[in-house]
Amino acid sequence: MDEKEQLVYYKQTGDLHVLGKLYTPYMSLLYGVCFKYFQEQTASQDAVMQIFEQLVHKLRIHEVDNFKSWLYVFARNYCLMELRKQKGKMHVDIEENMPESEQKLVTEEETKWTEADFDKVHDCLASLSPEQAVCVRLFYLDQKCYKDIAEETGYDLNKVKSYIQNGKRNLKICMESGKNGK
């Protein structure tokens with residue numbers, strides 16, 4: 001299938017595997033766009049993931065003729081909106097204000113994310129129960145509070161907390177199983 005057919009198929013089915021195939025070739029382009037605005041590696045990598053998460057919903061409702069140009073504009077707008085949200089917020093470099101002993105721990109644990117890591121996160125999210133996946137996405141990716149998630153999903157507040165806690169644990173187990181197997 002060409003890109004246009006994949007877009008139509010994704011819009012009809014919501015098949016995340018198809019969306020992943022569409023998105024993967026453009027990840028480095030999007031990273032470059034995000035880096036141009038954020039001037040920071042981690043923020044740019046995070047933005048690439050956030051953009052993918054937003055595409056899951058946006059591509060089901062928008063009519064897209066040229067995916068590459070639409071995606072570029074979408075990424076640019078995403079970055080501008082994030083910068084606008086951050087305007088006026090004070091940023092403190094954690095590493096500069098952290099004791100030296102703790103700095104070593106942080107730098108030892110830091111690793112560079114690859115496309116395989118993003119694929120693994122995507123696969124692990126897909127392996128969660130639908131309730132856990134929805135609640136984890138809304139809480140961690142959309143940064144919504146328990147109450148908002150409960151209202152949006154119709155789940156009981158205690159169930160939302162449970163889905164997030166169990167989903168986070170299951171996601172961690174899934175991610176670690178891939179790292180140990182490498």
To the nearest 0.5 Å, what is the distance between [atom1] on [X] and [atom2] on [Y]?
X    : Y    : atom1 : atom2 : value
S127 : Q132 : OG    : CD    : 9.0 Å
L59  : F52  : CG    : CZ    : 9.5 Å
I173 : K168 : CD1   : NZ    : 12.5 Å
Y72  : R76  : OH    : CZ    : 6.0 Å
D15  : L22  : CG    : CG    : 10.5 Å
E131 : N166 : CD    : CG    : 11.5 Å

Does [Y] offer a backbone N or O that forms a donor-acceptor pair with the side chain of [X] under 3.5 Å?
X    : Y    : result
T24  : K21  : no
E5   : D2   : yes
Q143 : F139 : no
S44  : E40  : yes

Taking the side chain as everything from C-beta on, heavy atoms only, tell me whether [X] gets closer than 4.5 Å to [Y].
X    : Y    : result
K159 : T153 : no
Y23  : I51  : yes
M81  : R84  : yes
Q86  : L83  : yes
L138 : V160 : no

Tell me whether [Y] is reachable from [X] by hopping between hydrophobic residues (I, L, V, M, F, W, Y) whose side-chain heavy atoms are closer than 4.5 Å.
X   : Y   : result
L55 : M1  : yes
V33 : F67 : no
F38 : L71 : no
V64 : V56 : yes
L30 : V73 : no

Of all heavy-atom pairs linking L128 and V136, the shortest is CD1-CG2, 4.3 Å

Nearest heavy-atom pair of G14 and R60: which atoms, and what distance?
-> CA-NH1, 3.4 Å

Positive for side chain to side chain contact (heavy atoms under 4.5 Å, CB included) with V8, one of Q12, K11, Q6 = Q12

With under 30° as parallel and over 60° as perpendicular, where do the rings of W70 and H62 fit, or are they tilted in between?
-> tilted

Can you check side chain to side chain contact (heavy atoms under 4.5 Å, CB included) on K172 and R169, steps first, answer last?
-> CA-CA 5 Å; K172 182 179 179 187; R169 184 189 68 241; 5.8 Å; no

Might you confirm whether atom [atom1] of [X] has over 12 heavy atoms from other residues, nucleotides or ligands at distances under 6.0 Å?
X    : atom1 : value
E151 : CD    : yes
K4   : NZ    : yes
Y146 : OH    : yes

Separation of SG atoms, C34 and C79, below 2.5 Å = no

Short N-O contact, K144 and E152, less than 4.0 angstrom | yes

